[in-house]
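Sequence positions, counted from 1, serve as the residue numbers for this chain. These values consider heavy atoms only, across backbone and side chains, with no hydrogens, waters or symmetry-generated copies.
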Amino acid sequence: MIAELSPYRLSKARDTYNYFNIFNAVSWNLLVGIIITLFALRLGATSSFIGLMSSTFYIALFMLPLGKVFTKRFSIIGIFSFAWTARSLCMLLAVAAPFVDNAGHRNTALLMVFLGVLLFHLIRGIGMIGNNPVLSLLATGPDRGSYMTQIQIISSSIGMFGSFLIAMILGMEPPIFIFSVLLGVGVISGVISGTIIKKVPEPAKQNSGNGTRLIDIFKDALSQDHLKHFLFILFIIVLVSGITRTFVIVYAREVFQHNDGLISLYAVFGGLGHLMAGLIVKFLVDRIGAKPLFLVNVIIGFLCLIPVIVIPYSAAENVTGTILFLVFMFFMLSFGFLGSENIAQTYFLGLVPPEKMMDMGILYFFVLGMAGATGTFLAGLFIDLLLFFGLSPFVAFKILFSIMFVLAGIALSRQHKMKPLESLSFTNALEVIFSFRDLRAISILDKLNKAQDSHEETQLIGALHDAPSHLATDGLLERARSPKLATRVEAIRALEKLHKLNKNAEKALLDDVENNPFTTAYISARILGNHHCTSAIAKLRGLSFSDDYMLAGEAVMALAKLKDDGFREEVEKIILDTQNPRLMIMGAESLGIYHKPESVHVLLDILRKKNPPQYLRDEVILAIAAIIDTQKKFYKILVRYSVNNSHVAVLAMDEAEAAIEFVKKAMSKKKSKFTASVVSSYADNFMNAAEDYAKNKNGTLLSRWIQELPDEFSRAGSIIRSVFSEAVLDEDLNVYDVLRLLIIHWASQELRIWAALIK
């Protein structure tokens, strides 16, 4: 197993590797980037030569087994450092090539360039045995994908800036000796990078793999379906990527006849595309996973091949149009295919266990080598063959890119066989990418990871509360374990706003309600109820008797929302036994949620207690209103009453008068005059009963009227009618204006229903 570094040592090692990456990127772009292709084309190289030279990038990957042999005697970092220094020095052959060409030996100069590039990549292949172990050591923790992408962003940023400088230099049509200067700077940068890498900690040796034969590595990989399918898809994508990105340079020069400076400028946009892909991946990869981002990049590369296939020949005559077209092509090909290559390595690191990283890393680069080498070499021969048979470069490249389009389509058709690796599905990933709320949540989470103190943490978590996203779950759960109470409270409150809780969130909340009374447990209990977590019922039942009255109250509320009808009678006992107004209120509200008529008498018993506070009385009345299905309408009346308590009789009679007016209109449309007269008589009796009860607190007439309501036209049912007919006679209850107002409001609704339903 690869030993993990402490946070301090990991940070220091990453800083060192970033410096290495900067000089390495400078060296790469000045030695084997677009500049070497332009140099070879300046020397008169054919498409076959360019394809062969480009294939050395991939042929080098077959040197990895030799590098593995060296690990038996030398350290991984030592091999890495030596190879990076030696490969740069080999490019001195290319540095000398302009002088040989100036002496009249062009073919020799081309051979020197080829040998320099070949040796560069062969030695690089030996040193790359340390690439995956070093990255696996540095890319640990939840930000693995983000850090891997950061490395790529550094490389692409420098590549873009370097291409811009090269474009400025070559755009002035300088003498060929300028290539010696640029290549010389690349050699120096490469030697510096080889020195810096020595300071990176040595990855642990993977002894289990030292004696493994290459054939056994292949057998092991092919025995794993997910790895086998991924390597097949990777093979096709690397083949398409290598060919398109290599020959788009030749395409720009041979089809559109653009000069080195302009092509270098296109490479700037290619670097910008790679950079943009890296920034987007870095922002999203740790939240939605590597697989969907890999697919998004492949789809983008796949679609951007279409313009090359369909562009008419007449478009080549429009200089401005062709420049814009090639800018688009360089940008999108790098964004799509080069971006997919980079995210593929992140996916691979998650697919392979650390103890197999060296062996499987060899296989990974073998696949890259086979795909890239065969692709670029055969593509060069294919183009020259088409030109030999008389096809124009325009048509020849159309055919080549059409084949690449088909191959990319085959790779996309196999994507469903890739292992998700805890990634979001492709559809869900697209929803995140196009969701402002989710993107804002990701941005806040990134800031949260960089927060300097608990105050800043609390503010950012509060922002997550206002921008709920399931992507924030893991980050919120981490903060829910913070030693700072304010941070824990905000984190748990933010969880409450999520549309759905995963299993980890449910478990964390269950632990919180059990272990953190008097602090955050009550919030967790509320969340469990709001999110209908039925697994919490047993624990919430016990917590309903907690000394923490806030927790007990939220527990009974949660049980009501979870429809735990078996516990309703216990809730009734709790609110009758307690003296805590807050617990009574929450218990009353929970009975309203249970919506059982049998609970109305318990709620009335609360009002019978000596001098219950007004806020408790109002909550009890609203709970009763919920049970009798009139809470929404009655709440508006209660609000008007709270503004002026002296208007209780006026409000009550307004309800009665409105109901009677409704009855008169309804009865005027009835065919049976006898039925209409009976109902109208009941309405007149109701007016007298309501007035006596509202103004004089005398419920005798109203009690009789309620008892005479016909069962078949009553929505409330016999239990409610029985309870209310007794309640209006209870002097202890008649003192409460709001209760009298509620009963008259309910009776008015019952009268309306009777009038509406009777035929």
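Of the inter-residue distances, the one linking Lys291 atom NZ with Lys419 atom NZ reads 11.5 Å to the nearest 0.5 angstrom. Atom NZ in Lys573 sits 12.5 Å away from atom CD1 in Ile575 (nearest 0.5 Å). To the nearest 0.5 Å, atom CG of residue Asn530 and atom CD of residue Glu554 are 8.0 Å apart. Note: Leu733 CG to Leu739 CG = 6.0 Å, rounded to the nearest 0.5 Å. Note: Ile343 CD1 to Leu293 CG = 5.5 Å, rounded to the nearest 0.5 Å. Between Leu702 atom CG and Ile744 atom CD1 the span is 6.5 Å, to the nearest 0.5 Å.
No more than 12 heavy-atom neighbours from other residues, nucleotides or ligands sit within 6.0 angstrom of CD on Glu569. More than 12 heavy-atom neighbours from other residues, nucleotides or ligands sit within 6.0 angstrom of CG on Asp577.
Between Val600 and Phe724 there is a side-chain heavy-atom pair separated by less than 4.5 Å. Taking 4.5 Å as the limit, every side-chain heavy atom of Phe518 sits out of range of all side-chain heavy atoms of Met550. Counting heavy atoms from C-beta outward, Ile624 and Leu742 have side chains that approach closer than 4.5 Å. Using a 4.5 Å cut-off on side-chain heavy atoms (C-beta onward), Asn734 and Tyr693 make contact. Side chains of Val663 and Phe686 form no contact here, defined as non-hydrogen atoms less than 4.5 Å apart. With contacts defined as side-chain heavy-atom distances shorter than 4.5 Å, the pair Leu741/Tyr736 does not qualify. A 4.5 Å side-chain heavy-atom check between Cys533 and Leu501 finds at least one atom pair inside the cut-off. Proximity of Ser590 to Leu559: side-chain heavy atoms (C-beta onward) are nowhere separated by under 4.5 Å.
Between the side chains of Ser599 and Glu572, a donor-acceptor pair is found at a separation under 3.5 Å. At a cut-off of 3.5 Å, with distance as the only test, no side-chain donor of Asn515 or Asp511 sits close to an acceptor on the other residue.
Between Asp730 and Arg608 there is a salt bridge, since at least one side-chain N of the basic residue sits less than 4.0 Å from a carboxylate O of the acidic one. In this structure, Arg493 does not pair ionically with Glu496, as no charged nitrogen and carboxylate oxygen lie closer than 4.0 Å. Asp15 has no carboxylate O lying under 4.0 Å from a charged side-chain N of Lys12, or vice versa, which leaves the two without a salt bridge.
The minimum heavy-atom distance between Arg568 and Leu591, with the atom names listed, is CG-CD2, 4.0 Å. The shortest heavy-atom contact between Ser544 and Ala555 is OG-CB, 3.7 Å. In this structure, Arg752 and Ala659 approach most closely via the heavy-atom pair NH2-N, 3.8 Å.
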### Message
For a side chain to side chain contact (heavy atoms under 4.5 Å, CB included) check, start with the C-alpha distance between Asp564 and Thr534, then their side-chain angles and the critical distance, and finish with the verdict.
### Response
CA-CA 9 Å; Asp564 182 19; Thr534 55; over 6 Å; no
### Task
Start with the C-alpha gap between Asn685 and Leu701, add the side-chain angles, then the distance that decides, and say whether side chain to side chain contact (heavy atoms under 4.5 Å, CB included) holds.
CA-CA 8 Å; Asn685 292 338; Leu701 295 177; over 6 Å; no
### Message
The test is side-chain hydrogen bond (donor to acceptor under 3.5 Å, both in side chains); show your working for Thr700 and Asn698 and say whether it passes.
### Response
CA-CA 6 Å; Thr700 304; Asn698 183 0; 2.9 Å; yes
### Task
List the steps, then state whether side chain to side chain contact (heavy atoms under 4.5 Å, CB included) holds for Leu604 with Val620.
CA-CA 8 Å; Leu604 292 176; Val620 168; 6.0 Å; no
### Message
side chain to side chain contact (heavy atoms under 4.5 Å, CB included) for Ile523 and Asp512? Distances and angles first, verdict last.
### Response
CA-CA 9 Å; Ile523 306 175; Asp512 189 61; 6.0 Å; no
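Pairs passing the ring pair (Phe, Tyr, Trp, His ring centres under 6.0 Å) check and including a residue from residues 612-642, sequence neighbours excluded, read Phe634-His745.
The cationic atom of Arg582 (NZ for Lys, CZ for Arg) does not lie both less than 6.0 Å from the six-membered ring centre of Tyr549 and within 45° of the ring axis.
Looking only at distances, a side-chain donor or acceptor of Arg617 sits under 3.5 Å from a matching main-chain atom of Pro612. Side-chain atoms of Lys609 come within 3.5 Å of backbone atoms of Leu576 as a donor-acceptor pair (strictly under, hydrogens ignored).
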